[in-house]
Every structure is written in structure tokens, then in C-alpha cells.
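Reckoned from all heavy atoms, side chains included, excluding hydrogens, waters and symmetry mates. Residue numbers begin at 1 in each chain, while the letters A, B, ... track the order of the sequences.
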Amino acid sequence: MKSSHQIELTAGIFLLLAIGALIFLAVQATDRGVVAGGGYQVTAYFSNIGGLKPKARVSMGGVSIGMVESISLDPDTLEARVVMRISDQYDDLPEDSSASIFTAGILGDQFIGLEPGGSPEPLRDGDRILLTNSALQLEQLITRYMFDSEGDD
Amino acid sequence: MSATSSPPGRLLNPLRQLGRAGLFLLTAFSRMRLTRFQAAETLRQIYFSGVRSLVIIVTGGFFVGLVLTLQTYDTLSRFGAAEAVSTVLALSLFRELGPVLTTLLFAGRAGTSITAEIGLMRATEQLDALDLMAIDPMERIVQPRLLAGIVAVPALVLIFNVCAILGGVVFAVFMMGSDPITFWSNMQATVELWRDFGHGMLKAVAFGFLASWLAVYFGWTARPTSEGVALATTQTVIATAISVLILDFVLSAFML
Amino acid sequence: MSEILASSPSITLKNVSISLGGRMVLDDFSLEIPAGQVTAVLGPSGAGKTTVMRLITGQLKPDSGEVWIDSERVDQMSARQLNRLRRNLGVLLQNGALFTDLTCFDNVALPIREHTALPEPLIRRLVLLKLQTVGLRGAADLYPRELSGGMNRRIAMARAMALDPAIMFYDEPFAGLDPISLGVARRLIRDINQALRTTSVVITHDVGEVAHFADYCCIISDGRAVAEGTPDSLSDSSNELVRQFVNGLPDGPVAFHYPARELADELLEQDLSR
């Protein structure tokens, strides 16, 4: 049988382990993002963001490079203001890159895809992405397709 | 009370049992004194019911995560939504599977041994001996085990959840080649700290309380014979399993 | 009530009746246990001997009647008063009832740690002295499961007298002991009685042993005290039940057969129903 000293020590380690698990789950699985704290912010304005949500993925060429930090409506322009946080690892994206909102699969979540531009200047913390394409909405797409095909006839 | 079909005794018995268990709990808490001994003994009991359950919780959690991911991955990929696998995994773990499965495993591993231990203490007159030495067995035996369960079960739930998510990572990322960043960011995008994770932990505390209460109660009231202790151990598992599932439903209904 | 009982108090049960689980265990039972002596409470199994002990320790309350220790009335004590009383009682339960998760040392130290604020070195000395009395100082660091049944009971004796009680109870201290352990137990009961100047109550069905250690005897049967006196006076008794008990006759006032219908009737009835 273990001495009571060892038992108390093991129980203490056990509780520490549980607290570690708590922190891991709270940080890694829920609240914060992949690039919590680090990375740099860029902003983009869209006329329509569709179903984009905070914490959505930001990718370039299919690779995740950051996430959406916040979404708000600009009171003056009445456009959607999307703040993204991009990992420090990708610190020389061209300044004139464009942002589009895509949908992963037909029913999947929406995310932001960045298209690289040609400028030698990199995007910096606080910069604004000027070229944006709004979310493609399925309903609009269908309507447009139907109108167009009628017109052709 | 009107008993129309069966003899009233059969209907009233479970009710009486519930009343006795409630009174037992009331006595246990009304005599609560927080002393240094109490704290040290609670820590010791956390070792016996918590640490000793680690192996079953870790392996159980890992494989639950693995199989849960396997099944949802297969189903979701038919709709081209395999990316959502981490969301499904985390939500079902945090909200339901973590607390419920951990408590069921806890009842089987630690609850039974608490019941048998206290039942045998009754059978070998150890509880009597305490009483005759003017030492309150409620304070010395029952309370530390109750408190330990309330702490140990949430701790085990946390560890179970981590292991299950690791199981999910192993399947989705290492075996199916999903993108790890997508895996985590999808999870983070949908799981809410308080509504999903916090509510699950509240359940865990409630379940820990329930499981240790039943284990201690059935041990305390066991008939002091070998059959009596064996019966009490079985009752602990059955009563915990059923009441945890019922309580889970009630709590879920309240929280949503 | 006084904090501490006077050493070696007398115990009195007056017209006590109690029924447990619907069965009358003691019926208008009276008993005087003299102060400072070793009193044996004898009787066949199930006669209510242990009930007598549990009445005196306050674990059971009589349906009617009075239980006195000196001038304190036990059956009307509050839980707190009972706790205070029990600190002055030492009880050896049937199989010792040692705590299996504690060493022998910690078992004996438990009541001292719980009820006094003595410093640890002093507790250590006290416990070793108690263990020395029962001859098991060398087993201090062993667990109860590592010792024989007889030794377990001696450790339990050391625990029962840890706080130098005013009254010692022994519930069947000889059951299942080999002749050597039995001799040891017998001697210890006398030694403890003299050393601590306690009132000792020994509950046993072992009539043969009584003459070796008891100053006074009481025989219980069917919930009544049927005989009292010194061991010698009992063996000379003309009471039929006392004679059956003392001489170990299988049949007599305590019947061999459990109450039943006539054997012939029962057998005949079975034949007819076939």
C-alpha cells in the first residue's frame, strides 16, 4: 500500500492534469483562434457576406492562413466590415491581394479566400484590402441563371 | 395516495427509498465540518476514486473519440461535409457523451468499490466501532467520499474529453489526412465556451454528486452480509446508470 | 452531566423492555453490574446479550425502563451527551472491527488523535505503551490483515482502552480463539480491569471460561435475567435452565427443536397432498 504522502501527491498531480485539460479545452477547442494573440490584422469591406461567421477560415490557395476575428456593419457605408487575423508566418502577402467569400462545398461553411495581387509592397497590420468579392448567394445565382436563359431564348 | 392496480407497498417502496436517500444526504451535509482532516481525507479519496479510474477513462475516451470520428466522417463525407467532423465530435462530447459516459464508467469503477467498502465496513462493525468511539462515521467515512466524487467526476470528464478529441485528431488528421488547422478552426468556430463547454461541465458536477451520493448511500444501507454487499454494489450501478440518463435529459432540457 | 465519569462506575438497568424488528428481545429486564469488577453476561445465542451492551452504550433506546451509569441516565441522553459518555467507554466488538486501511499503530492512535490535542511524540509514546500491554508493540507498523484473528482482537483491546475508559465492554472476546490466545485474552481482561480500575463487562456464551476471570455472573435467557451471582454460586444452582446452560445439555428449557407443529402431522399432510 502506498504511503499517505504518495497518495496525496498523486491526487494533486491528477487534479493538476484535470486543470491542464480544462485550459486545453477552453483555449484550443472553443474560444480563441489558431493564431490567438499572434498574427496581424487586416480589414476588408464587403457589400454582402452571406453566412460568414466570426472564426471562419481565411485561406490563400486553399491553405489556411488565418481566421475571421470580427464582423460588423459600417454605419456610414452600410457595408459589412470584416476584420481578419493572419498568421505571422505569412507576412509578405502582396498589398493589392483581393478577398472573396467562398462556400466549402454546397452546404459547407463560408470562408474567405485571398487572391494574391502583384504589388511588391506587403500587407501590414491594420491595412485594408480594397478589392473584394461578396458572397455568392445560391438564391441569386439560381435567379440570375433562370433570367439569363429566358433572355437568350 | 391511491394505488389502483398493484398493492400500494410496491408503488410506495421506490418513493420511500428515495426519501431515505434524501434524508441520508441531508444528514451527511448537515454534519459537515471542514477540518484539515476532512480536506486531507477528501484528497485521499480523490486518489482512490479519481486516479484509480484514469486508465479506464483515458482508454475509453480515446476510443470513443476514434470511433465517433470514424462514423461521422463516413456519414458527413457522403454530403461533402467531412470538414464538419470536428464540430460534431466536440459538440457531442462536450454536451453529452463526455459527462454521461464518464459517469457511467465512474459508477462501474469507483462507485462499486465505494459501495463495497462501506458495506464491508458495516458488515465488519467498523462503522459501529467508530460510533462507539464517539467519532461520527458520517464525517469520517461518508463526507470525504461525497466531496471526492463531486471533484473527481468533472476532472475525469475533462480528461475524457481531451482523450476523445485526441482520438478524433488521430483518425481525421493522421489517418484521413484532414487539414489540422481546418479541424481546429471549425471546432472553435462552432463550439461556444459557456453554452456548450460550460453547460457540459455543470452536468459533470451534478453527475459526480449523484454518482457518489448513490454509491455511498447503497453502501451505508447494505445489509451486513455478503449477499447484502453484493446486492448493494449492483444497485449502485443500476441506480446510477438510470438516474444519470434521466438527469441528463432534464438538465439538457433546462439548459437549451 | 459531568465531563468524565468517576472511575469504575456501576451500571443499572431497571425494568427495561425493548423489541427489535417486531421481536421482544428484553422483557422487563433488570440488572445490576457492580462497580470495579469483572462481570460476565452469559446466555445462549440470541438471548439479548449484545442488546444489553447496546443499551448501556446508548446505541439502542429501550421502549420502557431506565438505564443508569452511576447517576447518569443513559436512555435520555442527547447525541452530544452520548458522545461525551462514549469517550469514557471502551468497547471490543466481536471481531475486533479494526480499520483495515490503517496500521495497528494508527488504529490505536485514532481515538487519541480524535479526542485529545496531544502532541504527536506523546501520542506515539501512549500508543506504544498500550500495544506493549497487549504484547504487540512489535506489530505496530503492520496492517490488521497481516495478523491472526487473536492478535487482531488484542490490537482492538489496545484501541478500546486507548483513552483509559471507565467501563470496558467485551463482546464475545473468546469466540474462535485457540487455547493459547484464549488464555491471553482471559489474562488481559483481568489485567486491564486492575490496571485501569475499570468496570468490565464481558458478554459471552462460554460458560467454562467464566470461572477463570469473572467476579460476578448474570445469565440471560428469553429476555430475562434468570440468575445472578458469583461463578461458584451458579454452578451450584438448582435452577433447571442454569443447569442446562452450565452443563451444556442439548435439550431442556432451551429446546433443541425450533418451534414447529408435530412432526407426524406435517409428514401425514405431505403424503396426502401428493
Classify the angle between the aromatic ring planes of B/Tyr73 and B/Phe171 as parallel (below 30°), tilted (30 to 60°) or perpendicular (above 60°).
perpendicular
Name the orientation class of the two ring planes belonging to B/Phe29 and B/Phe209 (parallel below 30°, tilted from 30 to 60°, perpendicular beyond 60°).
tilted
Heavy-atom distance under 4.5 Å to chain A: side chain of B/Asp196, backbone, both or neither?
neither
Check B/Arg140 with B/Asp136, please: is the shortest side-chain N to carboxylate O separation under 4.0 Å?
no
Which region of A/Leu15, side chain (C-beta onward) or backbone (N, CA, C, O), has a non-hydrogen atom less than 4.5 Å from a non-hydrogen atom of chain B, or is it both or neither?
side chain
Verify side chain to side chain contact (heavy atoms under 4.5 Å, CB included) between A/Ile129 and A/Thr43, making sure each step is shown before the conclusion.
CA-CA 6 Å; A/Ile129 294 177; A/Thr43 315; over 6 Å; no
Looking at B/Ile46, B/Val157, B/Ile165, which one has more heavy-atom pairs under 4.5 Å with chain A than the rest?
B/Ile46
